[in-house]
Every structure is written in structure tokens, then in C-alpha cells.
Protein chains: 2
Amino acid sequence: MLEAGQQLVDASQGETHIPRQNLHSEVLALLRTAIMEGRFKPKERLNERLLCERFGISRTPLREAFKVLAAEGLLTLLPNRGVVVTTLSIADFEATLSVMAHLETMIGEQAAINSDEQTITKIRAWHHQMFAHFLRQEMAPYFELNQKIHIGLAAATGNAVLVSLYASLNAKILRYRYQANLQPERWQAAVEEHEDILSALILRDAPRLGALLRQHLLNKGAAIKSSLEEG
Amino acid sequence: MLEAGQQLVDASQGETHIPRQNLHSEVLALLRTAIMEGRFKPKERLNERLLCERFGISRTPLREAFKVLAAEGLLTLLPNRGVVVTTLSIADFEATLSVMAHLETMIGEQAAINSDEQTITKIRAWHHQMFAHFLRQEMAPYFELNQKIHIGLAAATGNAVLVSLYASLNAKILRYRYQANLQPERWQAAVEEHEDILSALILRDAPRLGALLRQHLLNKGAAIKSSLEEG
DNA sequence: TTTGTTCATATTGCATTCAAAATTCATTTC
DNA sequence: GAAATGAATTTTGAATGCAATATGAACAAA
């Protein structure tokens with residue numbers, strides 16, 4: 001069964017209604033996370049009936065979620081033959097990486113300029129927490145904080161469109177990371193890159209932060225790609 | 001009523017299935033175009049029952065299309081109260097424009113390098129057709145060719161992700177152009193910008209094409225914004 | 001006039017039903 | 001034994017039905 005009532009009221013906007021979530025969006029979020037975390041693997045077929053039983057819902061909201069995830073590029077609809085988790089071709093993967101590299105540059109340059117002090121403090125705190133998890137070699141919480149930092153940097157630009165675009169593209173490639181096993185030396189290097197990123201943010205060095213984020217992404221992408229080609 | 005049988009068989013790929021489109025995606029495309037062309041205006045509420053009758057379909061595929069368009073940012077779902085055409089705040093508009101400016105730069109730089117000769121020939125032909133429509137002050141076909149050129153340039157990069165992202169962001173702001181009445185002097189200027197764009201493409205001057213496309217977009221955005229603020 | 005209450009109507013969210021298509025599998029044919 | 005055929009089953013796509021929610025009109029009280 002789906003847990004109701006976990007949605008919090010977002011009172012940030014004055015006129016907004018109380019966000020009584022509907023089933024469709026809850027299932028959507030659930031599936032999106034499952035795909036991103038690799039619990040549904042690329043090429044895997046999703047069975048409507050089984051998922052309906054699992055979630056305790058009918059086919060209608062599930063199918064609505066399928067359509068949205070297909071539009072996001074996480075699922076592929078096969079007419080009359082169901083849905084499968086989208087498989088990125090190498091070309092797709094590289095195309096996505098190439099666009100993201102530009103977005104990362106944009107994020108770095110604008111975050112360095114537009115971040116307020118509290119945001120920087122927050123990101124610094126996340127960084128140190130993440131570092132602690134690295135020292136203890138705790139992969140899952142490390143990933144989680146890593147994500148927080150990157151989304152936090154995107155948010156620090158103050159550009160909501162940039163955030164959602166970044167998150168959406170990130171989802172498409174990030175799920176491959178759960179398949180790719182992170183090599184120890186790459187992990188070490190990533191942490192060092194994060195040290196530089198943090199210091200560029202604190203110094204508000206816009207060109208440098210942009211370049212660092214860009215390179216960090218490209219390195220991560222290369223690591224995932226090589227790991228996938230081996231596996 | 002929906003016209004059946006207007007979908008053509010795309011036999012370009014050997015193994016592909018016959019694309020017997022399902023209702024949901026036909027309605028989706030139909031609605032998307034209608035919103036983009038401003039036939040549904042921002043803030044306008046879409047009535048399920050009326051649209052069902054108009055299209056001669058049931059609520060299920062229509063609602064699926066609604067969900068996808070909401071994910072694309074063209075519609076806004078009001079829980080239990082239906083859907084309305086999304087209204088971009090000034091902040092949203094500028095955020096979108098800012099991201100698109102970066103994408104345009106990327107498109108220009110990569111299209112200059114990656115275009116093949118046929119593509120350049122094709123874009124040149126579109127340009128001259130478009131120019132003819134400008135001389136005759138034929139707005140609608142001018143817009144259509146203008147769109148073709150911009151999407152064509154994005155496609156010339158060879159990056160499919162970039163194309164779809166560009167198209168999606170473009171949809172969000174382009175629909176305001178149908179509200180904004182194009183000023184004669186802006187139209188004149190836009191055509192001149194297109195002359196420069198074409199020549200930079202032919203010369204394969206990557207930095208210049210990137211800069212020109214970027215500035216062209218920003219000019220277009222500024223024109224739409226000022227026109228909206230007046231209206 | 002404004003504010004509050006009640007009830008009828010319309011609309012939405014989800015479940016269910018029905019028909020069309022694909023898949024499976026036993027059977028036949030070569 | 002492999003390929004081909006066709007009926008039974010499963011799965012999908014779309015329509016319909018039903019309960020919950022929102023809207024709006026009518027009316028009463030301040």
C-alpha cells in the first residue's frame with residue numbers, strides 16, 4: 001500500500017492550495033526514484049498488473065505515471081507491448097553528458113555570484129558530512145549528500161528552470177551509476193574535486209567554479225562509461 | 001473529431017514497428033501545438049468534458065495527455081479543480097531565457113563545426129524562403145520557417161538531447177509570441193540578424209555563430225517581454 | 001450590502017469493464 | 001526435429017461507472 005499523508009504543506013506561495021497529492025503523482029515520484037536508484041534496471045519491462053498489486057492501486061494512475069516518465073525519457077513505451085526502462089545508447093549518453101557539461105558551467109558561474117552566505121554555509125556543512133562518509137567508505141549516504149550538494153549548487157543560481165533541467169538530465173545518467181561500480185581511485189579523485197569546488201565557491205571564483213564543476217561531471221561521466229563498457 | 005489515418009508509416013528504420021499511434025499521443029501532439037500556437041491562452045482553463053466531445057475521445061487518453069503536458073510545464077494541474085494553461089511569471093520567463101541563451105551558444109558553436117553541406121544548403125534555402133515571406137509581410141509562414149531554421153540548427157549539432165531540450169524550452173516561451181504583436185522594426189532587425197547567422201554558418205565561424213544565436217534569442221526575448229508588459 | 005449556510009450540480013480522481021492486440025503454447029505440417 | 005499454424009491466455013488501450021470533491025446558486029442572518 002501507498003503511504004498517504006507524507007506530503008507536507010508548502011506554504012511558501014501565498015495563494016497556493018493545500019497540496020493534497022493525488023495517487024498519480026505519488027506513484028510517479030515512487031517510480032522515478034526506483035528507476036533512478038537502479039531498482040528497475042535498463043531494458044527491464046514493467047508489468048502493469050504486478051505493479052498495481054504491489055502499490056494497491058488501479059491501472060489508471062499507474063498508466064498516467066508511465067506516460068509522464070516516458071516523456072521524461074526514463075521509460076520507453078512500446079505500443080501495445082508495455083513499457084520498459086529506457087536504455088541510453090552510447091550516443092545518447094554522450095549527448096546528455098555534453099549538454100550537462102554546459103549546464104554545469106552555467107551553474108558554477110552563476111552559483112559563485114548569486115549564492116547567499118547561508119547557502120554557502122549549508123553546502124559547506126554537507127561537504128564535510130559527505131567527507132565523513134567517504135572516510136568510512138559509506139557509499140549510499142555519500143551519494144545522497146553528493147546529490148544534495150549538486151542540486152544545492154544549481155538552486156543557488158536562483159534559476160528554477162536550470163534546477164529542474166539539471167535534475168532531469170541528471171536522473172537519466174545517474175541511474176547508470178548504480179550499475180557502474182565506483183572504483184576506489186575514482187572515488188578518491190571525486191572527493192578531491194569536491195574540495196576544490198567548495199573552495200572556489202567560498203572564494204566566489206565564478207570562472208573557476210564553472211570549470212571545476214564541468215570537469216567534475218566529465219570525469220564522473222567517463223568513469224561511468226568505462227565501467228559500463230567493461231560490465 | 002480526430003482524423004484517423006493521417007499518420008504516415010515511417011519506414012526509415014528497418015526493424016521498427018508500424019507506428020500505429022495511440023490516441024493519447026495524438027491528443028498530446030494536438031494539444032501541445034494548440035498551446036504553442038496560442039489557441040489556448042495562458043490562464044485558460046481546459047474543460048475535460050468539452051475537449052472529449054470536441055475530439056471524440058474518452059477522458060482517459062485526454063487525461064494522460066494532460067499529465068504529460070503538465071510535466072512539460074505547458075499545463076498546470078490544480079488538484080480536483082482541473083487544468084489551466086501555465087502562466088510564466090516574469091522570473092520564470094527570464095530564467096528560461098537565460099538557460100536558452102546558453103543552449104543557443106552551444107548550438108551555434110557546434111552547428112558551425114558539425115553541419116554537413118546538405119544541411120547548410122537546406123538551411124540556406126529555408127532562409128531565402130523565409131526572407132520572401134518577410135518581404136510580403138506574411139507572418140504565419142515566416143514564423144514557421146523561422147522555427148524550421150532554429151530547430152534545424154539545433155539538429156545540425158548532431159546532439160539529440162540538445163534538440164529536444166531546446167524544443168521544449170522554446171515551446172514554453174514561443175507561445176507568448178503569438179500574444180505579443182511583433183513590432184515592424186523588430187521584425188526588420190530579426191531578419192538582419194538571420195542574414196548574419198546564415199553567413200556565419202556558411203563560413204563555419206563557430207564562436208561567431210554561437211554569439212549571434214545567443215544575441216538573437218535575447219533580442220527576441222526582450223521584444224516579447226516588453227510587448228507583454230505593455231499589453 | 002455583506003457574510004454565512006445549505007443544497008443541487010458539475011467536475012475530478014480512481015476503479016472497473018470491454019474490446020483489440022500481442023503473446024504463449026499446443027498441434028500440425030514438412 | 002524445425003518451422004508453421006491457430007486457438008487459448010495475457011496484456012494493453014480506451015470507455016464507462018462511481019464515489020469524493022469543488023463550484024455555485026438560493027436563501028438566511030447580521
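Below, read A as the first sequence line, B as the second, and so on, with proteins coming before strands; counting in each chain starts at 1. Below, all heavy atoms of this structure are taken into account, side chains as well, without hydrogens, waters or symmetry copies.
The aromatic rings of A/Y166 and A/H150 are tilted relative to each other, their planes meeting at an angle between 30° and 60°.
Contact between the side-chain N/O atoms of A/R45 and the OP1/OP2 oxygens of D/dT12 is found at a separation under 4.0 Å. Contact annotation: B/N47 side-chain N/O to C/dT11 OP1/OP2 distance is under 4.0 Å. Taking side-chain N and O atoms only, A/R63 has a distance below 4.0 Å to OP1 or OP2 of D/dG13. Dashed line: the shortest gap from a side-chain N or O of B/R81 to OP1 or OP2 of D/dT23 is under 4.0 Å. Phosphate contact (OP1/OP2 of D/dA14, side-chain N/O of B/S58, threshold under 4.0 Å): absent.
In this model, a side-chain donor or acceptor of A/R59 finds a partner on the base of D/dG13 within 3.5 Å.
As a whole-Å value, the separation of A/E64 CD from D/dT12 P is 16 Å. Between the P atom of D/dA15 and the CD1 atom of B/I57 lies a distance of 7 Å, rounded to the nearest Å. The CG-C1' distance, from B/L23 to D/dA15, rounds to 11 Å in whole Å. C/dG13 atom P lies 12 Å from atom CG of B/L62, rounded to whole Å. We find that CG of A/N80 is positioned 7 Å from P of C/dA21, with the value rounded to whole Å. Between the CZ atom of A/F55 and the P atom of C/dC14 there is a distance of 14 Å, given to the nearest Å. Between the CD atom of A/E48 and the C1' atom of C/dC14 there is a distance of 15 Å, given to the nearest Å. Atom CG of B/L77 is separated from atom P of C/dT11 by 18 Å (rounded to the nearest Å).
Nucleic acid contact class of A/R49 (heavy atoms, under 4.0 Å, all strands): sugar-phosphate only.
The main-chain N or O of A/L74 is never found under 3.5 Å from a side-chain atom of A/R32 such that the two would form a donor-acceptor pair. Side-chain atoms of B/R175 come within 3.5 Å of backbone N or O of B/K172 as a donor-acceptor pair.
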Chi angles and distances behind the side-chain contact (heavy atoms from CB on, under 4.5 Å) call for B/D116, B/T119: CA-CA 5 Å; B/D116 53 32; B/T119 304; 2.5 Å; yes
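Ion pairing of B/E144 with B/K148 is absent here, as no side-chain N (NZ or NE/NH1/NH2) approaches a carboxylate O to less than 4.0 Å.
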